[in-house]
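Below, read A as the first sequence line, B as the second, and so on, with proteins coming before strands; counting in each chain starts at 1.
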Amino acid sequence: MSDIATIYAAYAERIDAVLSALEAEGTLPPEVSRANVSVEPPRDPSHGDIATNAAMVLAKPAKTNPRALAEQIVEHLKRDPDIESAEIAGPGFINLRIAGRAWIDEIRAIGSLAEGYGRSGVGKGSRINVEYVSANPTGPMHMGHCRGAVVGDALASLLDATGHSVTREYYVNDAGGQVDVLARSAHVRYREALGENVGAIPEGLYPGEYLIPVGKALAEEFGDKYSAAPESEWLALFRPRAVAAMMDLIRADLAKLGIAHDVFASEAELQAAGKPAEAEKWLREQGLVYDGELEKPKGKTPEDWEPVELPLFRSTRFGDDQDRPIRKSDGSWTYFGADLAYHMEKAENADALIDIWGADHAGTVKRIKAAVAALGEGKGTPVPFDVKLVQMVQLMRDGEPVKMSKRSGNFVTLADVVDEVGKDVVRFTMLTRKPEAQMDFDFAKVVEASKDNPVFYVQYAHARICSTMRKAAEEGLAPSDEALDALTAEDVALVKLAAQYPRLVESAAQAREPHRIAFYLYDLAAAFHAFWNAGNDDPSKRVILTQDRKLSGARLYLVAQIGQVIRNGLGLLGVEAVEEM
RNA sequence: GCGCCCUUAGCUCAGUUGGAUAGAGCACGGGACUUCUAAUCCUGAGGCCGCAGGUUCGAAUCCUGCAGGGCGCGCCA
C-alpha cells in the first residue's frame with residue numbers, strides 16, 4: 001500500500017472526519033453506520049468534482065431533514081482550504097469543487113506511483129482462492145472454455161491489485177469415467193502407432209488427432225506389450241500418461257492466452273489421499289450425510305431409472321432442491337462427492353473462495369455452496385464462497401453461428417482462435433460484456449481495426465500517446481512536472497477521469513466484475529481522443545508546442561500519465577499496451 | 001413441471017451496489033484531414049428501462065406476480 005492517497009480516497013476521509021466531528025459535537029448520534037455514505041464524482045460534471053449523499057443517508061438517524069444536516073456538513077467542509085466550494089443540491093446532495101492544485105497533485109501521484117497507481121491494500125492480504133478454467137483433461141481447450149478463463153484470470157489480477165493474496169487454481173477432473181474413455185482412445189492411437197490399421201475411431205471414443213502423438217509416446221514406452229492385452233492390464237498405466245499429455249496441451253493453450261495457474265489440483269490425488277472419505281466421515285458425524293433413496297428425476301425420466309439406496313448429502317438443509325449422492329452404487333465417488341471434499345479442503349486454506357463456471361453448470365451451484373456452508377457451520381467460521389457463472393458465447397462467422405460438437409471432435413479450438421485474431425482481441429472482447437449476459441463472438445467484427453472494436457480503440461489511444469512522446473523527443477521536448485500550473489481546465493478535465501481509476505479498480509474488485517475496467521478504459525480512451533482532436537482545430541491545444549516549451553512539457557507529462565493509467569488497466573486485463581500501430 | 005441467467009434507443013450493449021435530466025457505439029442526417037497518427041473527432045435526431053403491482057424522501061437498480069429468450073434439471077462430468 002502506497003502512502004500517497006489518491007484523490008477520491010483522500011476526500012472520502014476528509015468527509016468522514018467531518019462526520020466524526022459532527023458526532024463529537026452531538027449533531028449526529030454516536031455509532032451510526034456510514035456504510036451507505038458515498039463519495040463519488042457526480043454524473044453531471046457541472047455539479048462539481050465530488051458529490052456525497054451523506055446528509056440524505058444520515059438525516060433519519062440524526063432526526064433531522066437532509067438539507068438541514070447538509071448545512072452543517074457544508075459549514076465544516078468549507079473550512080478546508082482545498083475545497084473551493086460546497087453546495088447543497090437537489091434532495092440533499094453536497095457538491096464539492098476541489099482546488100485546481102489538488103488535481104495537479106493527482107497527476108504527480110500517477111507519475112510517482114506509476115504502475116502502482118490504482119493498486120491498493122484494501123484486501124488486507126486476505127487469502128482468496130480463484131478456481132477457473134478446470135476444463136476436463138480430455139483434449140485441447142475449445143472456445144467454450146474461453147470466457148471463463150479470461151474472466152477468471154482478470155478477476156484474479158484485479159483481486160491481486162487490491163491487496164488480496166490470490167491463488168489461481170485449476171481443478172483437474174482426472175478421476176471420472178471420461179478419463180477412462182480418454183485412455184481407451186489413446187490405446188487405439190497406440191495400436192495405430194504400432195502399425196495396426198485401426199480404421200475409424202470407434203463411436204464413443206475421442207476421435208481427435210491430438211491423441212496421435214500420445215499413442216506414439218505410449219508405443220515408444222511400452223512397445224507392443226499391451227496391443228492385444230485386456231483393458232485391465234493397461235488402463236491404469238495409460239490413463240495418467242494421457243491425462244498428463246492433455247494437461248500439457250491445455251497449459252500450452254492457456255499460455256497462449258497469457259494465463260498461468262498457481263495450483264493444479266488433481267481429483268485422482270484427492271481421492272488417493274482419502275479426502276472424500278474424510279469428508280464423508282465428518283459429515284456423517286454432523287448428521288449431514290445419511291443413506292437414503294434418491295427422488296425420481298423431475299424432467300424426462302431415464303428408462304433405466306430404479307430406486308437405490310445411496311449415501312446422500314443433506315444439501316436441502318442449505319437450500320438445494322434435493323439431497324445429492326456422494327457415492328455411486330458401486331461405491332466409487334460421484335463427481336459431486338469428490339468436488340465436495342475438494343471445496344471443503346480449499347475452504348480450510350483460504351479466507352474466501354471464488355469459482356468461475358460455465359452457465360451449463362448452473363444446476364450444481366446450490367449443492368456445492370451447501371457443502372461449503374456445511375463446513376462453515378460445522379467449524380463455526382463461514383467461508384465466503386462465490387460462484388460466478390459465465391454465460392455461453394455464440395461464435396459467429398459471416399453472420400452465421402459456428403456449430404460445435406464435442407463428440408464428433410468438430411469444435412473450434414481456443415488455440416485456433418487466438419492464432420487467428422490474437423490474444424489481446426480475445427481477452428478484451430470477452431470482457432466487453434458483463435459475464436452473466438450471453439454474447440456473440442463475431443470473427444469479422446473482432447478483427448476490425450476501427451472504433452467499432454474497443455480493443456483497437458483503446459490500444460490506439462496508448463499508441464498515439466507513445467507516438468507523441470517520440471515526436472516530442474525529436475523536437476527536443478520532454479515531459480516535465482515543473483509547470484503543471486499552466487494546464488488549462490480542459491487539460492485538468494482529463495486528469496479528473498484518470499483519477500477515477502483507483503476507485504474503479506476497487507469497486508470492480510469488490511463487485512468481482514473485471515468487465516468494468518474494460519468499459520472504463522474505453523471511456524478514458526474516448527476522452528483522450530477527443531482531447532487530442534481539439535488540437536487539430538485549435539493549435540494552442542496541442543501537446544507539442546515548440547513555441548511554449550513550458551506548457552508543452554506539462555501537457556506531455558499529463559498525457560504520459562494518461563498513458564500510464566491505460567497501461568495499468570490493460571495490464572489488469574492481460575492485454576498488451578502497444579506502442580505503435 | 002422445477003431451478004438459475006437475461007430483457008434498457010431501430011441494432012449491439014453500459015449504467016459506479018437505491019440518487020440529480022437513463023448513457024456509449026453502430027446505423028441515419030450535418031460537419032472537421034497541406035495533422036502532434038482522421039485506425040480519430042465534433043454535431044443532430046432517436047426511450048412506457050419487457051408488463052403489472054409493492055417497498056421509500058427517491059427504483060432501470062430491491063421484493064412479488066406475469067410474459068418472452070437462453071442454460072440446466074440422472075449414480076454423467
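For B:rG15, the OP1/OP2 oxygens have a side-chain nitrogen or oxygen of A:His515 closer than 4.0 Å. Under 4.0 angstrom from either OP1 or OP2 of B:rU37 there lies at least one side-chain N or O belonging to A:Ser467.
B:rC73 and B:rC49 have their C1' atoms separated by 32 Å, given to the nearest Å. Nucleotides B:rC13 and B:rG19 have their P atoms positioned 24 Å apart, rounded to a whole Å. Taking atom C1' in both B:rU12 and B:rA32, the straight-line distance is 27 Å, to the nearest Å. Rounded to the nearest Å, the gap between the P atom of B:rC28 and that of B:rG18 is 39 Å. Comparing the C1' positions of B:rU17 and B:rU61 gives an interatomic distance of 8 Å, to the nearest angstrom. With P as the reference atom, B:rC41 and B:rG25 are 8 Å apart, rounded to whole Å.
A:Tyr171 and A:Tyr342 have parallel rings, their planes meeting at less than 30° on a 0 to 90° scale where 60° marks the start of perpendicular. Using bins of under 30°, 30° to 60° and over 60° for the plane-to-plane angle, the ring pair A:Phe528/A:Trp532 lands in the tilted bin.
At a cut-off of 3.5 angstrom, counting only N and O atoms as typed in the model, there is no donor on one side facing an acceptor on the other between the side-chain of A:Asp174 and the base of B:rA77.
A cation-pi arrangement is absent between A:Arg367 and A:Phe313, since the terminal nitrogen or guanidinium carbon is not both under 6.0 Å from the aromatic centre and inside a 45° cone about the axis.
Rounded to whole Å, the distance from NE2 on A:His462 to P on B:rU40 is 18 Å. Taking atom CG on A:Leu504 and atom P on B:rU16, their separation rounds to 11 Å, with Å as the unit.
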Point to revise | A:Tyr206 vs A:Met246, side chain to side chain contact (heavy atoms under 4.5 Å, CB included): CA-CA, chis, key distance, verdict | key: CA-CA 12 Å; A:Tyr206 297 115; A:Met246 295 305 100; over 6 Å; no
Practice item. Please step through side chain to side chain contact (heavy atoms under 4.5 Å, CB included) for the pair A:Leu521 and A:Val575, ending with a clear verdict. Key: CA-CA 12 Å; A:Leu521 289 175; A:Val575 175; over 6 Å; no
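Smallest separation of non-hydrogen atoms from A:Glu267 and A:Gly176: OE1-N, 4.4 Å.
Aromatic rings from A:Phe443 and A:Phe441 are positioned such that their centres are separated by under 6.0 Å.
Within residues 323-333 of chain A, the residues that have a heavy atom under 4.0 Å from RNA chain B are, in order of number, A:Pro325, A:Lys328, A:Ser329. Within residues 428-440 of chain A, the residues having any heavy atom closer than 4.0 Å to RNA chain B are, in order of number, A:Arg433, A:Lys434, A:Glu436, A:Gln438.
Crowding of A:Glu579 atom CD: a count of heavy atoms from other residues, nucleotides or ligands under 6.0 Å not exceeding 12. The local environment of CD in A:Glu490 is sparse, with at most 12 non-hydrogen atoms from other residues, nucleotides or ligands closer than 6.0 Å.
Taking the 5.5 Å centre cut-off and the 30° plane limit, the aromatic side chain of A:His361 is not classed as stacked on B:rG72.
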